K.L.:
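My questions will all concern the structure given below.
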Amino acid sequence: MMIGAAVAIAVTMFLALLRALMGPSVYDRVLAVNMFGTKTVLLLSVVAHIAGRSDYLDLALAYALINFIGVLAVLEFFRLRKVQQTKEAPPGEAVGAADEVDERPIPGEGGS
Amino acid sequence: MTGILSGFILSLAVLTALGAMRARNLFASVMLMGIFSLLMAAEFLLLDAPDVALTEAAVGAGISTVLLLSALALTGEEEKPQPRPPWIGLAAVIIVTAIVFYAVKDKPMLGDPNTPVQTHVAAEYFPMTREFVDIPNVVTAVLASFRGYDTLGEVIVVLTAAIGVLFLIGPEAPVGRKSPPTLRQASEGLKHHQPVRIVGKIAIPFILLFALYVQFHGEYSPGGGFQAGALFAAAIILYGLLEGRPAAASIIPTRILRIMAAGGALIYGGVGVVTLVLGGNFLEYTVLNDDPVVAQQFGIIVIEAGVGITVAGVLLAIYHAFAARGET
Amino acid sequence: MTIIDWISGALGVFGGFFVLVGGIGALRMPDVYTRLHASSLTDTLGSLCILGALMLQAGLSLATLKLAAILIFLLFTSPVSSYALGNAALLSGYEPRQLRTLEREKRP
Amino acid sequence: MNAFLDAFNYWVFAVLLMIGFYAVMARHNLIKKLLGLSVFQAAVFLLFISMGKVDGGTAPIILGDNWDAVFSNPLPQVLILTAIVVGISTLALGLAIVVRIKEAYGRISDIDAPKVKSGADTPS
């Protein structure tokens, strides 16, 4: 049963990695990294169970902690970038949009 | 089962590395490097190296992402398109690839217990650890006792790197292009994200506790000074992210951080000098106590503490240097 | 197989299922917010099921304590990261794709 | 095919090494070069840890005083453990240099000869 769960987690890691590779926006990538981190924690817990070594769980705990810090670092980065853009751009211009906005056009949005 | 999982993880790692190197946007590259680091750490665990996996997770996935992002905030994140194909670089890569692949063909099978790697000194370490040190984590015993010189050297290297960073972008280093002051905005941290702030603040004491556990339980489970130092630094960095860097600097001022960075290395070297004075060799802990095993364990605990203090001090000093650069 | 084993196995399968659904959702959904929705909701339930299954297997031991610590930590931080991420995306001007936009896209 | 699978870790090592090497050699962006260096380092770490693996072995942390079990080799693990921390320190040093280059020259790629911006402090 646990092996089945491990397989499901591994497949999900692959899906999350695809999302991280595809983007398209920066937020998708962060989302993928966050998801990937959680899946790694789960996978390690399952591996610890299968290997029968409970001391591996320390690692899973460390991963959970570190993953959170990673996401917060990204948020802080977004905030800093926004501060910089507001500073650099002349007032009145739109700033701070995701710089890799979804490339597919959204038809009808402008016309209506 | 483990073999299949390991192969799967390695394939993902190759994919991630390719993606990270291909991406034009450096932010995407850094995110993929975070995933790459997690994958490598998981692979290390599957290869029976939990200590290394813990280090890679704390240092590679956590602190290095923070550092890379702070550097990106200072330098911009778009990579300019290459003007022409890099012929010389490509040629060099192709030649080296041929050589490396030729060499890999002769590698022994994975897991073969009769390779020279396994049959030389490594086999001695288990009986020696049992006899002289008597702690369950052989990695810690080898790290801190049998190869103590090596580790002292690494600690000095880490310290030197921090000195270099502080010279280059430390508080006293000259600032090139002055940008208008944004000190107030930039040092705010994530204060406006109330849920993040509350949960983060709840988490910090537990991370610190976990760091201490990793530090002082390192003889019995995966852990030790390097990992604990990185986790400790991560906890303080988390506070800095939540409340702004100046708040983190007010808990542990940068002056203290420098003392920590140098002091830890000094503790390590000091133990060596003490053993010299007591009539032993440099870093020969046996002379520290009447019972040689107790003396070894005592020596390991002290130098691991030194390592932890240095690593925490160095990583935090580097973080402050990068984060403060964006505020001026 | 005792009853505990059955419960734990079922939890493991459920957890694997939810985790997988979250992964597919994060890959197939049309924009950031829906992907966030798919991944974050299943993350919580999936972790709860899988770690719960492992805790049942481990019985009363130090391992259970560590698993509980991991679980509690994940239950706290995972929704918070999702919230913060969605918040950052919205504040930066990334518009959710409206249903009507999607419908219009479908039309030739 | 079987020989290939037996040495899979080493093949991955070679591929990762070359990915990192390519980025260091051929990419112009300095941060990309540093990332490439990280991948290169990770490949070396993988090589060491793979060499220390013993079939049927477990982590070299003795559980319950059972000293006679098969363990993987602790020595490569010790070397790599310290190397990871040294790796982040060198990465930080490299990033610091990149930040200074950006401040002095306003760019972080090594395409063409860098021009000093007027009014900027030259690095001392």
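Here is how names work: the chains are called A, B, and so on, in the same order as the sequence lines, proteins then strands, and each is numbered from 1. Keep in mind that what you see is a predicted model, and the values were worked out from it rather than measured.
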K.L.:
Let me know if L47(D) has heavy atoms under 4.5 Å from chain B in its side chain, its backbone, both or neither.
P.N.:
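Contact with chain B involves the side chain of L47(D) alone.
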K.L.:
With a 4.5 angstrom heavy-atom cut-off, is it the side chain or the backbone of L17(D) that approaches chain B, or both, or neither?
P.N.:
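Contact with chain B involves the side chain of L17(D) alone.
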K.L.:
Taking the side chain as every heavy atom from C-beta outward, state whether N9(D) and L47(B) have any atom pair closer than 4.5 Å.
P.N.:
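Answer yes - side chains close enough.
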K.L.:
Would you say L95(D) and I169(B) make side-chain contact, with heavy atoms under 4.5 Å?
P.N.:
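No - every pair of side-chain heavy atoms lies 4.5 Å or more apart.
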K.L.:
Please state whether the side chain, the backbone, both or neither of F126(B) comes within less than 4.5 Å of a heavy atom of chain D.
P.N.:
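Contact with chain D: backbone and side chain both.
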K.L.:
Check the surroundings of atom CZ in R24(B): do more than 12 heavy atoms from other residues, nucleotides or ligands lie under 6.0 Å from it?
P.N.:
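Yes, CZ of R24(B) has more than 12 neighbouring heavy atoms, counting only those of other groups under 6.0 Å.
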K.L.:
List the atom of Q118(B), the atom of M51(D), and the distance in Å for their closest heavy-atom pair.
P.N.:
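So the minimum-distance heavy-atom pair works out to NE2-O, 2.8 Å.
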K.L.:
Give the C-alpha distance, both sets of side-chain angles, the deciding distance and a yes or no for side chain to side chain contact (heavy atoms under 4.5 Å, CB included) between L46(B) and K53(D).
P.N.:
CA-CA 9 Å; L46(B) 291 178; K53(D) 166 83 177 161; over 6 Å; no
K.L.:
Looking only at heavy atoms, which two atoms of A161(B) and L93(D) are closest? And how far apart?
P.N.:
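For A161(B) versus L93(D), the nearest heavy atoms are O-CD1, 3.8 Å.
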K.L.:
Which answer fits F45(D), side chain, backbone, both or neither, if we ask what part of it has an atom under 4.5 Å from a heavy atom of chain B?
P.N.:
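Its backbone and side chain both get close to chain B.
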K.L.:
Looking only at non-hydrogen atoms, find the nearest pair between D48(B) and V54(D) and report the distance.
P.N.:
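So the minimum-distance heavy-atom pair works out to OD2-O, 4.4 Å.
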K.L.:
Do L79(D) and D150(B) pass the side chain to side chain contact (heavy atoms under 4.5 Å, CB included) test, and can you show the C-alpha distance, the side-chain angles, and the key distance before you say yes or no?
P.N.:
CA-CA 9 Å; L79(D) 300 179; D150(B) 224 23; 3.5 Å; yes
K.L.:
Go through T129(B), L159(B), V307(B) and name the one with the most non-hydrogen pairs under 4.5 angstrom from chain D.
P.N.:
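Max contact count across the listed options: T129(B).
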K.L.:
Tell me, side chain or backbone of L16(D) under 4.5 Å from chain B's heavy atoms, or both, or neither?
P.N.:
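L16(D) touches chain B through side-chain heavy atoms alone.
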K.L.:
Side chain from CB out, backbone as N, CA, C, O: work out which of these in P127(B) comes under 4.5 Å of a heavy atom of chain D, or both, or neither.
P.N.:
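For P127(B), no heavy atom lies under 4.5 Å from chain D.
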K.L.:
Nearest 0.5 angstrom please: L75(D) CG to E124(B) CD, how far?
P.N.:
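Atom-to-atom, L75(D):CG and E124(B):CD are 12.0 Å apart.
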K.L.:
Are the side chain of K32(D) and the backbone of A23(B) linked by a donor-acceptor contact shorter than 3.5 Å?
P.N.:
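Yes; at least one donor-acceptor contact below 3.5 Å.
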K.L.:
Pick one of side chain, backbone, both or neither for I163(B), based on which atoms fall under 4.5 Å of a heavy atom in chain D.
P.N.:
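Neither part, no heavy atoms under 4.5 Å.
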K.L.:
About how many Å separate CG of L67(B) and CG of L34(D), when rounded to the nearest 0.5 Å?
P.N.:
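Atom-to-atom, L34(D):CG and L67(B):CG are 11.5 Å apart.
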K.L.:
Measuring only between side-chain heavy atoms, which start at C-beta, is F8(D) closer than 4.5 Å to S6(B)?
P.N.:
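A side-chain contact under 4.5 Å is absent here.
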K.L.:
Give, for atom OG1 of T97(B) and atom CZ of F21(D), the distance between the pair rounded to the nearest 0.5 Å.
P.N.:
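It is 8.0 Å, given to the nearest 0.5 Å.
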K.L.:
In terms of heavy-atom proximity below 4.5 Å to chain D, should I318(B) be classed as side chain, backbone, both, or neither?
P.N.:
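Side chain only.
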K.L.:
Measuring from atom OG1 of T75(B) to atom CG of L30(D), what distance do you get when rounded to the nearest 0.5 angstrom?
P.N.:
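If I round to the nearest 0.5 Å, the distance is 9.5 Å.
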K.L.:
For atom CZ of F48(D), is the number of surrounding heavy atoms from other residues, nucleotides or ligands below 6.0 Å larger than 12?
P.N.:
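Atom CZ in F48(D) is not crowded, with 12 or fewer foreign heavy atoms closer than 6.0 Å.
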K.L.:
Return the CZ to CD1 distance between F44(B) and I80(D), rounded to the nearest 0.5 Å.
P.N.:
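Here the interatomic distance stands at 7.0 Å.
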K.L.:
Using non-hydrogen atoms only, which part of F146(B) is less than 4.5 Å away from chain D: side chain, backbone, both, or neither?
P.N.:
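Nothing of F146(B), per the 4.5 Å heavy-atom cut-off to chain D.
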K.L.:
Walk me through it: do D51(B) and I61(D) pass the test side chain to side chain contact (heavy atoms under 4.5 Å, CB included)?
P.N.:
CA-CA 9 Å; D51(B) 281 280; I61(D) 298 171; 3.9 Å; yes
K.L.:
Below 4.5 Å from any heavy atom of chain B, which atoms of S50(D) appear? Answer side chain, backbone, both or neither.
P.N.:
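Backbone plus side chain of S50(D), per the 4.5 Å heavy-atom cut-off to chain B.
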K.L.:
Does any heavy atom of chain D fall under 4.5 Å from the side chain of M21(B), the backbone, both, or neither of them?
P.N.:
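For M21(B), heavy atoms of backbone and side chain both lie under 4.5 Å from chain D.
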K.L.:
Go through V30(B), L90(B), I94(B), L26(B) and name the one with the most non-hydrogen pairs under 4.5 angstrom from chain D.
P.N.:
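Of the options given, most contacts go to L26(B).
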K.L.:
Checking F101(B) against chain D: side chain, backbone, both or neither under 4.5 Å from a heavy atom?
P.N.:
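Backbone plus side chain of F101(B), per the 4.5 Å heavy-atom cut-off to chain D.
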K.L.:
Sort N137(B) into side chain, backbone, both or neither according to what part of it lies under 4.5 angstrom from a heavy atom of chain D.
P.N.:
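Both parts, backbone and side chain.
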K.L.:
Rounded to the nearest 0.5 Å, how far does CD1 of I101(D) lie from CG of L168(B)?
P.N.:
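Answer rounded to 0.5 Å: 9.5 Å.
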K.L.:
Answer with side chain, backbone, both or neither: which region of R130(B) has an atom nearer than 4.5 Å to a non-hydrogen atom of chain D?
P.N.:
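Its backbone and side chain both get close to chain D.
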K.L.:
Heavy-atom distances under 4.5 Å only: say whether L315(B) touches chain D with side chain, backbone, both or neither.
P.N.:
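Just its side chain gets close to chain D.
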K.L.:
Can you say whether A17(B) sits under 4.5 Å from chain D via the side chain, the backbone, both, or neither, judging by heavy atoms?
P.N.:
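For A17(B), the contact with chain D is made by backbone and side chain together.
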K.L.:
Need one label for L91(D): side chain, backbone, both or neither, based on atoms under 4.5 Å from any heavy atom in chain B.
P.N.:
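The side chain, not the backbone.
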K.L.:
As an exercise: rank L143(B), V104(B), V100(B) by heavy-atom pairs under 4.5 Å with chain D and give me the winner.
P.N.:
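Looking at each option in turn, the highest pair count goes to V104(B).
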K.L.:
Check each atom of E43(B) against the heavy atoms of chain D and say whether the ones under 4.5 Å are side chain, backbone, both or neither.
P.N.:
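Looking at E43(B), just its side chain touches chain D.
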K.L.:
Heavy-atom pairs under 4.5 Å with chain D - which of V157(B), T160(B), L68(B), V311(B) has more of them than the others?
P.N.:
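Ranked by heavy-atom pairs under 4.5 Å with chain D, first place is L68(B).
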K.L.:
Using the side chain to side chain donor-acceptor pair (under 3.5 Å) rule, collect all pairs that involve residues 77-86 of chain D, keeping only residues at least two apart or in two chains.
P.N.:
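Pairs touching residues 77-86 of chain D that pass the test: E154(B)-T82(D).
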K.L.:
Is there a side-chain contact between I88(B) and M25(D) (heavy atoms, below 4.5 Å)?
P.N.:
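Heavy-atom side-chain distance check fails, nothing below 4.5 Å.
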K.L.:
Is chain D contacted by the side chain of V96(B), its backbone, both, or neither, given a heavy-atom distance below 4.5 Å?
P.N.:
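Contact with chain D involves both backbone and side-chain atoms of V96(B).
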K.L.:
Please state whether the side chain, the backbone, both or neither of T140(B) comes within less than 4.5 Å of a heavy atom of chain D.
P.N.:
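Nothing of T140(B), per the 4.5 Å heavy-atom cut-off to chain D.
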K.L.:
Which one wins on heavy-atom pair count under 4.5 Å against chain D: A103(B), G224(B), G153(B), S29(B)?
P.N.:
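Between A103(B), G224(B), G153(B), S29(B), the count favours S29(B).
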K.L.:
What is the minimum heavy-atom distance between L74(B) and K102(D), and which atoms define it?
P.N.:
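Minimum heavy-atom separation between L74(B) and K102(D): O-CG, 3.9 Å.
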